[in-house]
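Written out below as structure tokens is the structure these notes cover.
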There are 2 protein chains.
Amino acid sequence: MQSRVEHLSTTATSGPLQRSKIKDMSAEVVDSNPYSRLMALQRMGIVNNYERIREFSVAIVGIGGVGSVASEMLTRCGIGRLLLYDYDTVELANMNRLFFRPEQAGMTKTDAAVQTLSDINPDVVLESYTLNITTVQGFETFISSLRSKSFCPSKEGCGVDLVLSCVDNYEARMVVNQACNELNQTWMESGVSEDAVSGHIQLLIPGETACFACAPPLVVASGIDERTLKREGVCAASLPTTMGIVAGLLVQNTLKYLLKFGHVSPYLGYNALKDYFPTMEMKPNPQCSNSVCLERQKEYALAKPARDAAAKAKMEAEAPSEIECLHEDNEWNISVVDDTDLQGPDVGKSSGALPEGLVHELPSADEFQKTPGSEESANLVDDLEDLKRQLEAINAD
Amino acid sequence: MQSRVEHLSTTATSGPLQRSKIKDMSAEVVDSNPYSRLMALQRMGIVNNYERIREFSVAIVGIGGVGSVASEMLTRCGIGRLLLYDYDTVELANMNRLFFRPEQAGMTKTDAAVQTLSDINPDVVLESYTLNITTVQGFETFISSLRSKSFCPSKEGCGVDLVLSCVDNYEARMVVNQACNELNQTWMESGVSEDAVSGHIQLLIPGETACFACAPPLVVASGIDERTLKREGVCAASLPTTMGIVAGLLVQNTLKYLLKFGHVSPYLGYNALKDYFPTMEMKPNPQCSNSVCLERQKEYALAKPARDAAAKAKMEAEAPSEIECLHEDNEWNISVVDDTDLQGPDVGKSSGALPEGLVHELPSADEFQKTPGSEESANLVDDLEDLKRQLEAINAD
């Protein structure tokens, strides 16, 4: 895999004015320095240590309208390593979104992405996986690639720092959810509606926030009659604007999460017709049908005394004069959800108490489990063996 | 100018798999149709007539981090004609933003943009103007290019449908403001802060909304101490995320404005640290120092009876059952500002009544007129002759 990536990079870098690799990020203000405007974030007091970005690995699942732009943004920001997953090929029908070029039609999206990204910034380590994560073989490769620590052997836990889900269907999201629950891996989910005028991003921390199976997916209400959307044989609409904005919000929150600045949004919606951006937090569902999620919830509850002690020590160490909490340095940069009431009645349920403009994608948790083409999923994925059986059933269709 | 553009297009289109021009936009759902996902907006009930996009001309002033992405989005959407204005060249220091590629370093931004855009969509008519609009000669070419109706001789008023300001300095914004006031041309302004973590877009309709000289510019508060930003010799920070999001919001509102769907935001801010998006409306200042703005305000007030009659006729023609006003088809797609109280005391003033998170860029109207390097601008631009004198003084520095 790696050798093919290097071959592609060499092919792509045969142009006349190719930029060479840069060993250390410099803050020097000269026209020839591609990192000067990023290192300036440090001098402006936004980021403590921008250069740390080179230590991070981010996996992007789905290199379509959102994932491709997210990969370009992270590449231009000088991320350490990108892992790219897709099985699709570039078509002219994709040209209404950013990133891919007409002459790349027919290439796999992963190959085309590696070609473009290595050209833009040869400092980024690119790993491309041309596979479908919803197949048994694909899922195994997906999991093992996320575990691999070859890029940073000293790293704790998983081999990547964040997984970005940029897929366009429910099954693939459930597979990312299963993998991240198993690996105890924080991830961000993104989506754009079929009518192209709304989208969202969501932060998922196993055990701490709702997982993707805890509650029916939330979508931003567009104000358009749903019945006009779901007609048979109608292809989904898409716009470079909506997808570029969702990719931008996703990568902005990725940068805040990795480089520990600002506030990472637990959920952020975008309604393009009204320029409305609803936010909310979702606690895990103690009745979640995903058994690994329940394990993570238990672990998170058990670690509460240690978290409280750490938070107390941190508060005492900090000057009491610090009123603004923009640079609050808590581990996840999100506002703390009180985890004592995990057993509350409304947790993770499809209650009516949603912020204005947000609706559940499907009317109820029971209904949303019956997605077309996966009758088996009425019993939600419990473990890898279960998942494998379900995937086999789905792919046999 | 046009002939050079055509030459560049030919050079750029020598690749192996170049897509050919498409005469009519088709909604056919095949992989080879670059417009299928856009035409789907019609079938989904979002847009009445997507194909009309080919009739529109948009001018983009400043092809930097925001303007280049805006030009790519409009090109991929199949806009009729784009007019591009910039005098700068591509540098490796620009590579932390989307669009330009390292091998384009040294080219003018306009040439590089035409190369990339004509490659992406040869159906778009591109006009490139490598000039500085704040010089006398540049301003004259700018005005006459906006007036030209060669693309659509039957067009009323100006030759373009919208001007997008994507410049990075106060003087250039004031020049765009002067040109649009003179031409009675609606435009949108955009900006990104020097610390790269906030931005905004604003709709300016001569006579109807505040012009750029009516009030000190509004910026989104980042929560970062301003004193750390304005230090001498510190280069501005920038991020592909913030600039991509601002470009996306700008073009999304451009599409809503041109194709008459949704609500066009009069002002939309973006605070990246908090994912906060303040909105507001700004009425024109009856004491505006720009005399052309005052003329436009008078014209707008005089046309009130005709507007009221048209609005009444429209309301009567529409079914009373139509409660949702998403597709409200008023001329500018914005909520109507009551124009009877133009003489109100707070109009266009630096009052304390700003929405949370918005601050004036400079403490007061008096102070904001004294920008560095333009001592003359204490008397704000009144007419073209005045502007010329001031520009000459500035450029003689």
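Reminder, nothing fancy here: chain letters follow the sequence lines and each chain counts from 1.
With rounding to the nearest 0.5 angstrom, the OG atom of Ser193(A) is 7.5 Å from the CD1 atom of Ile46(B). To the nearest 0.5 Å, atom CE of residue Met95(A) and atom CG of residue Leu38(B) are 12.5 Å apart. To the nearest 0.5 Å, atoms CG (Leu98(B)) and CE (Met73(A)) are separated by 4.5 Å. Rounded to the nearest 0.5 angstrom, Met44(B) CE and Glu194(A) CD are separated by 5.5 Å. Atoms CG and CZ, from Leu268(A) and Phe277(B) in turn, are 5.5 Å apart once rounded to the nearest 0.5 Å.
Using a 4.5 Å cut-off between heavy atoms, Thr75(B) does not touch chain A at all. For Val246(B), no part sits under 4.5 Å from any heavy atom of chain A, backbone or side chain. There is no contact between Tyr35(A) and chain B, counting heavy-atom distances below 4.5 Å.
In plain terms, the two heavy atoms of Ser36(B) and Ala93(A) that are nearest each other are OG-CB, 4.0 Å. Closest approach of Gln252(A) to Tyr270(B), counting heavy atoms only: NE2-OH, 3.0 Å. Taking both residues in full, the closest heavy atoms of Pro34(A) and Asn96(B) are given as O-CB, 3.9 Å, listed atom of the first, atom of the second, then distance. The two residues Lys256(B) and Ala272(A) make their nearest non-hydrogen contact at NZ-O, 2.6 Å. Across every non-hydrogen atom of Pro102(B) and Arg19(A), the tightest pair is CB-CB, 4.0 Å. Closest approach of Arg37(B) and Cys235(A) over heavy atoms only: CD-SG, 3.9 Å.
Among the candidates Gly78(A), Gly106(A), Ala247(A), Ser238(A), the residue making the largest number of heavy-atom pairs closer than 4.5 Å to chain B is Ser238(A). The residue among Asn121(A), Thr254(A), Asn33(A) with the most heavy atom pairs within less than 4.5 Å of chain B is Asn33(A). Between chain B and the options Ala70(A), Ala196(A), Pro240(A), Ala27(A), the largest number of non-hydrogen pairs under 4.5 Å is found for Pro240(A). Note: Leu249(A) leads Asn94(A), Leu74(A), Leu249(A), Leu250(A) in heavy-atom pairs under 4.5 Å with chain B.
Glu91(A) and Ser32(B) share no side-chain donor-acceptor pair at under 3.5 Å. For the residue pair Asp275(B) and Asn253(A), a side-chain donor N or O sits within less than 3.5 Å of a side-chain acceptor on the partner.
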Legend entry - side-chain contact (heavy atoms from CB on, under 4.5 Å) evaluation trace for Asp31(B) with Thr89(A): CA-CA 10 Å; Asp31(B) 287 345; Thr89(A) 52; over 6 Å; no
Inset, instruction - Could you walk me through whether Thr241(A) and Leu255(B) pass the side-chain contact (heavy atoms from CB on, under 4.5 Å) test, one step at a time? - result: CA-CA 9 Å; Thr241(A) 44; Leu255(B) 295 174; 4.1 Å; yes
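A salt bridge does not link Asp195(A) to Arg43(B): none of the charged nitrogens lies less than 4.0 Å from a carboxylate oxygen.
Annotation: side chain of Thr116(A) is not in contact with side chain of Arg101(B) (no heavy-atom distance under 4.5 Å).
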